Each structure stands twice: as structure tokens, then as C-alpha cells.
**Q** 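Following this message is one structure expressed as C-alpha cells.
Quick caveat: nothing in here was measured; it's all calculated off a predicted structure.
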Amino acid sequence: DSSCENLRGRLSEVTGVPEDQMIFGNGAAELIFRLVQEIRPKKAVIPAPSFAEYETALRSCGTEIAFFYLKEAESFFLNISEFLDFLRAEQPEIIFLCTPANPTGTMIRQADLSKILDYCKKHGILLVLDECFVEFLDEERSCGCIREFLDWETGRPEHGGNLFLLRAFTKTYAMAGLRLGYLMTGDLSLLHAVAQQLPEWNVSSIAQRAGISALQDTEYEKRTRQLIEKERRYLI
């Protein structure tokens with residue numbers, strides 16, 4: 001199924017996001033590369049340290065990258081006032097953020113995310129928000145930005161084409177070898193353009209079936225969150 005129809009329908013039921021606002025990839029990394037290749041931005045901002053694939057994808061199309069260096073003394077948390085000042089100075093076309101962050105594990109506060117989204121909307125900046133680890137949080141926070149920024153009256157993301165949510169099954173459901181990620185946004189024209197960049201059969205039938213099964217196994221999600229909460233305390 002080149003359109004991932006059954007998986008798309010099931011994910012829409014679970015998240016509340018309309019089916020036409022999501023595309024699937026051979027892991028989240030494929031979607032990062034295809035999105036960047038479609039946009040071909042001249043300048044981007046990435047916090048550092050961060051997931052290496054953002055930089056690799058941007059370098060592949062000659063994008064200038066400005067790194068916002070997180071401070072170990074501040075436990076690698078994003079200082080919102082300094083970050084907004086950095087954006088004003090650098091004037092990027094695209095920003096990559098990850099929450100919970102890879103590799104630091106830090107969260108970006110919802111209030112700070114709102115400020116960043118408002119700034120991006122005002123200045124025409126595309127924000128790619130990587131939430132591939134968000135399901136490891138407690139149930140209340142595991143929905144991430146899907147509920148926080150979705151306009152439930154229209155069923156469309158409140159921030160339209162400025163926000164791209166990136167997620168994957170590979171982390172929470174231990175499916176790294178099967179490769180299954182997805183991208184969601186309200187910018188349907190750009191989403192369609194990115195989809196055109198993808199190979200026709202990029203997501204295997206096995207990965208699609210596994211994704212549907214994973215979405216139905218809510219007990220597994222619950223047990224995983226309980227385990228991670230316990231082990232997080234031990235590790236800290």
C-alpha cells in the first residue's frame with residue numbers, strides 16, 4: 001500500500017490529526033532529508049548538541065547552519081530569551097528543535113514553545129519539532145504538541161504551515177529495524193511536495209502492519225511509560 005491507507009486512518013483516529021495532514025517515511029530520518037531537499041533553505045538554526053541528522057540533511061543541500069550552543073552549566077536547557085535573540089540575529093528560514101531532546105533528554109517548556117511558534121509565524125520561519133521520544137513521558141505530556149497546538153473546531157493545526165511535527169514508531173515501540181516515521185503539518189501544499197520527493201514504496205507492508213498493531217497495543221505503551229519512569233529515577 002504505497003499510500004499507507006490503513007495506517008494513516010488508524011493514526012488519524014488516535015491523534016485527531018486529519019489523514020491529509022500526515023505522510024510516512026522509512027524512519028523519521030528519511031522525512032528530515034526529503035523536507036530539507038524540497039525547501040532547500042539558505043540558512044538554518046539548530047541547538048547544539050542535537051541529533052546529527054539535522055545537520056547532515058542541511059549540509060547535503062548547501063544550507064548555512066547557525067548553531068545555538070546549549071550550556072552544560074544550565075543542564076543543556078534552552079534559554080528562551082537568549083534563543084529568541086539568536087533568531088533575531090541569524091534570521092533563519094528553518095529551525096530544528098527536539099523535545100525531549102536527543103541526546104540531552106531535556107524538555108522545552110510549553111510556554112517557551114508557544115513563544116517560539118509565535119515568533120516563527122510572525123517572521124515566516126518553518127519550525128520542525130522532533131517529538132520522536134515524546135511517548136516516553138507520562139501520559140499527560142505524551143501527546144506533545146498535537147493537542148497543544150491543534151484547533152479542534154476546524155481540525156487544523158493552529159499554526160498552519162509554520163509547524164512540522166516529526167515522530168516515529170521506532171523508539172517507543174522498539175521498531176528501529178522496521179523503519180517507520182511520520183510528519184504532520186497544516187501546510188498541505190508543502191506536505192504534498194515533500195511526499196512527491198519520497199519513493200513510491202518507501203514504507204514496507206511489514207512496517208505498516210507493525211505500526212497498526214502498535215497503535216492498538218495501549219497496554220504496552222502504559223507498561224513502557226511505567227518502566228521508563230522507574231528507570232529514569234534510578235539513572236538520575
Side-chain angles (χ1 to χ4, degrees), residues 7 10-17 22 24-32 46-54 70-80 83 95-114 116-117 127-150 163-184 203 206-236:
L7 175 60
R10 180 58 184 156
L11 185 61
S12 179
E13 290 176 7
V14 171
T15 62
V17 177
M22 58 181 72
F24 296 86
N26 192 255
E30 179 182 49
L31 296 168
I32 293 170
I46 308 175
S50 195
F51 184 43
E53 297 294 339
Y54 310 147
L70 304 172
K71 300 172 184 176
E72 184 178 1
E74 297 177 358
S75 301
F76 299 106
F77 280 98
L78 187 76
N79 185 304
I80 184 62
F83 186 66
I95 303 168
F96 280 89
L97 293 177
C98 186
T99 183
N102 177 7
T104 64
T106 58
M107 288 287 298
I108 302 174
R109 296 185 304 171
Q110 291 290 358
D112 291 342
L113 272 176
S114 295
I116 295 169
L117 273 167
L127 172 61
V128 182
L129 187 61
D130 185 341
E131 293 187 333
C132 284
F133 294 90
V134 75
E135 286 101 341
F136 287 118
L137 302 176
D138 58 67
E139 190 169 0
E140 183 179 348
R141 295 191 295 169
S142 64
C143 62
C145 279
I146 289 178
R147 294 181 186 173
E148 184 72 18
F149 299 110
L150 197 66
L163 175 63
F164 272 71
L165 290 184
L166 183 70
R167 289 193 174 191
F169 288 83
T170 49
K171 308 297 190 298
T172 312
Y173 299 101
M175 286 166 47
L178 286 178
R179 311 302 302 150
L180 182 59
Y182 55 100
L183 191 67
M184 298 181 291
V203 181
I206 299 172
Q208 292 181 48
R209 290 290 296 274
I212 293 170
S213 296
L215 290 170
Q216 294 171 340
D217 195 351
T218 55
E219 281 302 310
Y220 175 82
E221 291 182 32
K222 183 178 180 180
R223 292 196 307 271
T224 298
R225 290 193 187 105
Q226 290 172 345
L227 174 64
I228 294 297
E229 183 180 0
K230 175 185 175 183
E231 293 300 317
R232 183 188 295 120
R233 291 196 300 266
Y234 167 76
L235 182 62
I236 291 171

**Q** Any non-hydrogen side-chain atom of F136 less than 4.5 Å from a side-chain atom of T224?
**A** yes
**Q** Do the non-hydrogen side-chain atoms of N102 and S50 ever get within less than 4.5 Å of each other?
**A** no
**Q** Between L70 and P49, what is the shortest heavy-atom contact and its length?
**A** CD1-O, 4.1 Å
**Q** More than 12 heavy atoms of other residues, nucleotides or ligands under 6.0 Å from CD of E231: is that the case?
**A** yes
**Q** At what distance, to the nearest 0.5 angstrom, does CZ of F164 lie from CZ of F96?
**A**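 Reported to 0.5 Å precision, the distance equals 10.0 Å.
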**Q** Return the CE to CG distance between M22 and L7, rounded to the nearest 0.5 Å.
**A**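 Separation between the atoms: 8.5 Å.
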**Q** So which heavy atom on A207 is nearest to which on L180, and how close?
**A**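 Smallest heavy-atom distance, with atoms named: O-CD2, 3.3 Å.
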**Q** Starting at CZ of R233, measure out to CD1 of I228 and round the result to the nearest 0.5 Å.
**A** 12.0 Å
**Q** Which label fits Y182 and F169: parallel for a plane angle under 30°, tilted from 30 to 60°, or perpendicular past 60°?
**A** tilted
**Q** Using side-chain heavy atoms (C-beta onward) and a distance below 4.5 Å, is T106 in contact with T104?
**A** yes
**Q** Do side-chain atoms of T170 reach the backbone of M175 as a donor and acceptor pair under 3.5 angstrom?
**A** no
**Q** Would R10 and E13 count as a salt bridge (charged side-chain N to carboxylate O under 4.0 Å, His left out) here? Give the steps.
**A** CA-CA 5 Å; R10 180 58 184 156; E13 290 176 7; 3.0 Å; yes
**Q** Rounded at 0.5 Å granularity, tell me how far NZ in K171 sits from CD in E135.
**A** 10.5 Å
**Q** Check whether T99 reaches the backbone of I108 with its side chain - one donor and one acceptor, N or O, closer than 3.5 Å.
**A** yes
**Q** Assess the residue pair L129 and L117 against the criterion (side-chain contact (heavy atoms from CB on, under 4.5 Å)); give the C-alpha distance rounded to whole Å, side-chain angles, the decisive distance to 0.1 Å, and a yes or no.
**A** CA-CA 10 Å; L129 187 61; L117 273 167; over 6 Å; no
**Q** If every non-hydrogen atom of P47 is compared with every non-hydrogen atom of L97, which pair is closest and at what distance?
**A** CG-CD2, 3.5 Å
**Q** If only side-chain N and O atoms count, and only distance matters, is there a donor-acceptor pair under 3.5 Å linking Y54 with D130?
**A** yes
**Q** Got a donor-acceptor contact below 3.5 angstrom from the Q208 side chain to the V203 backbone?
**A** yes
**Q** Which residue pairs pass the salt bridge (Lys or Arg N to Asp or Glu O under 4.0 Å) test when at least one of the two sits in residues 95-114, sequence neighbours left out?
**A**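 Output for this query lists R109-D112.
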**Q** How about L227: does its CG atom have over 12 heavy atoms from other parts shown lying under 6.0 Å from it?
**A**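 Atom CG in L227 is packed in, count exceeds 12.
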**Q** Might you work through the side-chain contact (heavy atoms from CB on, under 4.5 Å) test for M107 and L137, ending with a clear yes or no?
**A** CA-CA 10 Å; M107 288 287 298; L137 302 176; 3.5 Å; yes
**Q** Does any non-hydrogen side-chain atom of V128 lie less than 4.5 Å from one of I32?
**A** no
**Q** For the pair E229 and R225, find out whether any cationic side-chain nitrogen is under 4.0 Å from an anionic carboxylate oxygen.
**A**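 Salt bridge between E229 and R225, a charged N being under 4.0 Å from a carboxylate O: no.
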**Q** Can you tell me how far apart CG (L113) and CD1 (I116) are? Round to the nearest 0.5 Å.
**A** 5.5 Å
**Q** What distance separates L78 CG from C98 SG, expressed to the nearest 0.5 Å?
**A**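 So the gap between those two atoms works out to 12.0 Å.
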